[in-house]
Amino acid sequence: MKKRFLIINLGWEQRPLIEKIVARREFDLFGVHHSNDPSLPPVFQDVFVTDLRDLASILDYAGKIKPNYVISDGCDYSLIAQAAIAEKLDLPGPSLHGAQLSNNKFLQREFSKGKGILTPNYELCLNTKSAENFAEKNGYPIILKP
């Protein structure tokens, strides 16, 4: 029986990797994608179409197909899904902590500061007023990272 490869988010960025996996002829490919995209290559055993933020459904799908490997394109939601699947099914991949840290600029700065890495002044701003207050307190120019 071939091993199962689950690929999260099947955009153009994934195409070269998909071609390499297909060329090896060692894997059955499964996918999770955000739309029913007619341009997807016809190499998948199945493609589960869902909102990439629907982690419960993606985890349920992964549990049903039981992949040996899971990869993503690195987009924020895809990476979180990959990490959750890897942890739940004990597969190689990023940890949920690592995926959350890579996706959240505030957590990155808090982590860096905790490790003694010098960082510029920063603040978690949840609205325009808090961003204005930060700018007034720290001076311009400022960089906003949504």
message: Could you tell me if Ser72 and Asn9 have a donor-acceptor pair between their side chains, going purely by distance under 3.5 Å?
response: no

- prompt: Are side-chain N/O atoms of Ser130 and Asn127 paired as donor and acceptor at under 3.5 Å?
  reply: yes

Between [X] and [Y] (side chain of the first, backbone of the second, donor and acceptor by atom type, cut-off under 3.5 Å), is there such a pair?
{"X": "Gln82", "Y": "Val70", "answer": "yes"}
{"X": "Ser102", "Y": "Ala99", "answer": "yes"}
{"X": "Lys66", "Y": "Gly63", "answer": "yes"}
{"X": "Glu87", "Y": "Leu96", "answer": "yes"}
{"X": "His34", "Y": "Leu52", "answer": "no"}
{"X": "Arg4", "Y": "Tyr69", "answer": "no"}
{"X": "Asn138", "Y": "Phe134", "answer": "yes"}

message: Using a 6.0 Å cut-off, check whether atom NZ of Lys113 has over 12 heavy atoms from anything other than its own residue.
response: no

message: Does Ile117 have more than 12 heavy atoms from other residues, nucleotides or ligands lying within 6.0 Å of its CD1?
response: yes

Compile the donor-acceptor pairs under 3.5 Å between side chains in residues 40-51 and protein atoms, sequence neighbours left out, one pair per line.
residue : atom : partner : partner atom : Å
Asp46   : OD2  : Tyr61   : OH           : 2.8
Asp51   : OD1  : Arg53   : N            : 2.8
Asp51   : OD1  : Arg53   : NE           : 3.0
Asp51   : OD2  : Arg53   : NE           : 3.4
Asp51   : OD2  : Arg53   : NH2          : 2.7

statement: Of Gln108, Lys145, Glu110, Arg109, the one forming a side chain to side chain donor-acceptor pair (under 3.5 Å) with Tyr122 is Glu110

- prompt: Run the side-chain contact (heavy atoms from CB on, under 4.5 Å) check on Ile8 and Ile71 step by step: do they pass?
  reply: CA-CA 6 Å; Ile8 312 289; Ile71 59 172; over 6 Å; no

message: Using side-chain heavy atoms (C-beta onward) and a distance below 4.5 Å, is Ile7 in contact with Ile21?
response: yes

task: Tell me, please, which residues at least two apart from Lys3 pass salt bridge (charged side-chain N to carboxylate O under 4.0 Å, His left out).
output: none

- prompt: Among all residues two or more places apart in sequence or in another chain, which pass the side-chain contact (heavy atoms from CB on, under 4.5 Å) test with Leu144?
  reply: Ala131, Ile142

